[in-house]
Amino acid sequence: MTVTIRTLNELLQPSHLPAHPLATQEYFVNMGPQHPISHGSLRLVLRLDGETVKEVIPVPGFVHRGVEKMCESLTPRQIVPYTDRLDYLSAFMNNWAITRVVETAAGIESNERIETIRTLMSELQRIQSHALWWGVTGMDLGAFTAFLYGFREREVISEIFEETVGARLTMNYIQPGGVMYDIHPNFVKRVKDVMAYMKPIIDEYDTLLSGNVILQERCRNIGILSPEKAIALGCTGPVLRASGVPYDLRKMENYGVYNKVDFNVVVGAVGDCWDRYYVRMQEMRESIRIVEQLIDSIPEGPTMTLRYNLPIEMPEGTYYSQVETARGVFGAFLVAEGKSEKPYPLHFRSPNYNNLWSVTALAPGWRVADIIAILSSLDLVIPDIDR
Amino acid sequence: MNSAPHIIQIALGAASSWQVKTVSERAADALSSNIWESIAYMAVALAAVGLLITFLGLSLIYVERKLAAHFQCRLGPMRVGPHGIFQTLADTIKLLVKEDIIPQEADKPMHLLAPFLCLAVPVLILGVVPYSPMTQIADVNIGVLFVTAVGGFGVMGILLGGWSSNNKWSMLGAMRAGAQIISYEVSATLALLVVVLFAGTMSLAGIVESQQQGWWIWRAHGVGIVAFIVYVIASTAEINRTPFDIPEGESELTAGFHTEYSGLRFSFFFLAEFINMFVVAALTSTLFLGGWMPFHIGEWEAFNGVMDLVPPGVWFVGKSSFIIFVIMWFRWTFPRLRVDQLMHLEWKVLLPIGLINLLAAALLVLRHLYFFPAA
């Protein structure tokens with residue numbers, strides 16, 4: 001198999017010059033890095049013919065901070081807060097991914113209480129992340145009111161996190177050997193209240209936006225991703241599941257206490273923007289089910305099995321572990337030398353990077369406005385792409 | 001001024017004829033005797049329009065922000081003055097003192113001209129709207145035609161602004177606006193023609209007076225309400241409001257045709273949008289909801305007399321405010337359509353409905369098949 005690598009300069013040449021002075025000509029526009037749709041700093045170069053998109057060339061790298069390189073000089077406990085800054089809407093799950101790989105490598109045992117708390121926090125954050133995504137999608141499609149509704153629910157869940165974790169965005173909570181702090185005495189009651197509040201709220205989301213004929217027109221049969229293509233592109237999470245592939249690490253990897261709860265893997269039928277939209281709506285409902293099953297029976301026990309002042313010794317070898325974040329599979333690949341507790345090297349497999357490239361397969365042939373719908377249905381977080 | 005007898009007449013419910021003596025007529029009458037009096041009338045008219053625009057700009061922007069805030073479970077402007085009523089004033093001052101940036105590659109004269117063209121359109125239309133029996137600057141005898149012609153001119157400013165900015169996104173926005181405004185004008189005009197058929201006149205004051213026995217929205221046996229709906233949809237599209245704000249397309253084109261404008265010139269586009277909204281509301285209420293005409297039902301003298309107790313100006317403001325509220329409600333509820341869906345809606349849905357509706361209206365007028373036909 002041969003791979004042709006073309007530089008950006010080569011990509012930015014028009015495919016043909018107009019044969020006649022009156023013939024139409026292709027042109028390029030930069031969507032980003034400063035564009036409302038990029039939700040951060042993502043540059044997409046569009047090759048357009050009128051309003052029809054011929055090609056999308058993603059140019060990531062505007063928030064590249066060299067996180068993986070920095071991690072080579074950090075101990076596992078120091079790496080955890082760096083993972084918060086990748087996909088900041090799935091901070092708990094990212095923490096968990098690095099924690100899992102370190103725990104596998106060093107053979108650290110955790111207990112039922114720790115795993116339950118980790119699962120609860122992750123599922124709460126999945127609801128929070130999807131609620132925010134719903135709002136942002138509404139805004140991208142022109143319904144600005146949805147944006148503030150999404151933020152309203154995000155705030156309610158952020159307050160739960162704030163009480164236990166002390167942080168609202170960069171959690172640094174799930175640590176090798178346990179969790180940073182025990183849950184707050186109010187946690188159980190508050191979570192129950194919020195879950196009771198959230199259930200009708202998701203129906204309200206449906207009333208406000210999902211059933212709207214304009215949203216349906218904008219999403220149905222737009223940007224269809226076939227299951228084969230989705231797998232070939234390495235898409236994961238709701239993007240892959242919307243294409244009809246029931247791939248969910250919560251069922252397959254059997255981590256946390258997911259094997260003890262009853263929940264469904266939501267899959268789509270067509271793989272269009274609407275399926276990606278509705279898979280997330282249903283996932284919020286499923287996450288509420290998971291939280292409700294766990295919240296009444298958090299087992300007793302210590303929340304940290306390791307002493308903080310002891311180094312974590314990882315024997316020589318290569319280790320990989322992954323979790324299902326709100327956007328897909330987040331994996332951490334770690335090579336341990338056995339000499340120090342610092343990894344050599346560490347690589348993150350981030351869901352957004354692969355999901356981003358699916359836009360190159362999805363976009364051609366659609367209009368500029370459809371690119372907006374496709375991009376917001378992919379639910380990208382840019383720092384996770386660039387790392 | 002012969003306003004006092006009018007008010008008495010209205011209060012008594014005995015008003016059988018409504019006389020309009022507009023400022024332009026007064027100026028024309030005075031022209032033969034005293035030219036200064038004529039000029040004074042014109043100055044009064046200019047000042048009145050200027051004041052109206054200032055008031056509309058300040059109040060509508062404030063109302064929009066407050067309404068949006070309450071739709072979105074928040075408070076909106078609260079700091080500048082009680083409940084933030086001076087927020088728009090503060091923002092206006094900010095816009096006035098901002099640097100006016102013209103892109104280096106822009107076509108300078110056209111770039112400077114575009115915002116003025118955009119604002120000129122609603123200002124011209126404001127001059128012919130009958131606000132109350134006593135208040136109208138010029139009663140043009142071809143009022144509806146004038147409104148359509150001047151309204152169609154508005155697309156020039158948007159096209160020019162997008163073209164002269166020399167920015168691909170602005171250009172896209174301007175081209176979208178061109179296609180959209182010209183398309184939807186067809187439907188809007190067809191809906192206007194329905195009312196012209198029923199009223200038998202094109203003068204806006206004449207159309208209001210023709211609704212003395214009932215507003216055209218209900219007097220015309222369903223045809224009126226169809227025309228009303230078509231007109232509201234088409235004119236929402238004409239003034240680029242959500243769900244038809246495709247030329248601006250915040251999340252797609254950043255700001256569409258006015259991306260490259262700043263300071264005062266941006267505020268002209270912004271102001272034009274809000275004045276346009278008022279113009280649409282005023283025209284809708286004039287044509288379909290009776291303008292300043294109170295809610296009358298045929299010859300029910302007692303009922304009409306009670307309705308006449310509310311002054312005509314209040315009726316006009318109330319109806320216009322209602323339409324403005326509906327248009328704002330659209331904006332804070334609906335997502336945005338795509339360009340081709342927009343064109344589909346116009347050419348394949350609204351236009352056939354409008355045409356059939358016009359035909360039906362013609363038949364109804366011919367056979368006098370509407371409530372309280374004129375003898």
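Just so it is clear, the values below take in all heavy atoms, side chains as well, and ignore hydrogens, waters and symmetry mates. Order of the sequence lines fixes the chain letters, A, B, ..., with proteins taken first and strands second; residue numbering starts at 1 for each chain.
- Side-chain atoms of B:Gln341 come within 3.5 Å of backbone N or O of A:Glu217 as a donor-acceptor pair.
- In this structure, the side chains of A:Ile222 and B:Arg338 come closer than 4.5 Å at one or more pairs of heavy atoms.
- You'll find the side chain of A:Phe144 stays beyond 4.5 Å of the side chain of B:Arg331, heavy atoms only.
- Surrounding CZ of A:Phe62 are more than 12 heavy atoms belonging to other residues, nucleotides or ligands, all under 6.0 Å away.
- Side-chain contact check for A:Val368 versus B:Arg176: some heavy-atom pair is nearer than 4.5 Å.
- Only the side chain of A:Tyr27 has a heavy atom closer than 4.5 Å to any heavy atom of chain B.
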- Item | Verdict with reasoning, A:Arg367 to B:Val339, per side-chain contact (heavy atoms from CB on, under 4.5 Å) | CA-CA 9 Å; A:Arg367 306 300 172 106; B:Val339 188; 5.5 Å; no
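- Open room surrounds NE2 on B:His83; 12 or fewer heavy atoms of other groups in view lie less than 6.0 Å from it.
- For A:Ile371, no part lies near chain B; criterion is any non-hydrogen pair under 4.5 Å.
- Residue-environment remark: NZ (B:Lys168) exceeds the threshold of 12 foreign heavy atoms within 6.0 Å.
- Under the 3.5 Å distance criterion, the side-chain polar atoms of A:Arg218 are matched with a main-chain donor or acceptor of B:Arg336.
- The nearest pair of heavy atoms linking A:Leu209 to B:Pro335 is CD1-CG, 3.9 Å.
- No more than 12 heavy atoms of other residues, nucleotides or ligands shown are found within 6.0 angstrom of CD on B:Glu105.
- In this structure the side chain of A:Leu148 never reaches within 4.5 angstrom of the side chain of B:Cys73, judged on heavy atoms.
- Of the residues listed (A:Leu141, A:Thr145, A:Asn212), the one engaging B:Phe334 in a side chain to side chain contact (heavy atoms under 4.5 Å, CB included) is A:Asn212, and it is the only one.
- Between the CG atom of B:Asp340 and the CG atom of A:Asp370 there is a distance of 7.0 Å, given to the nearest 0.5 Å.
- By the 4.5 Å heavy-atom criterion applied to side chains, B:Trp169 and A:Met31 are counted as neighbours.
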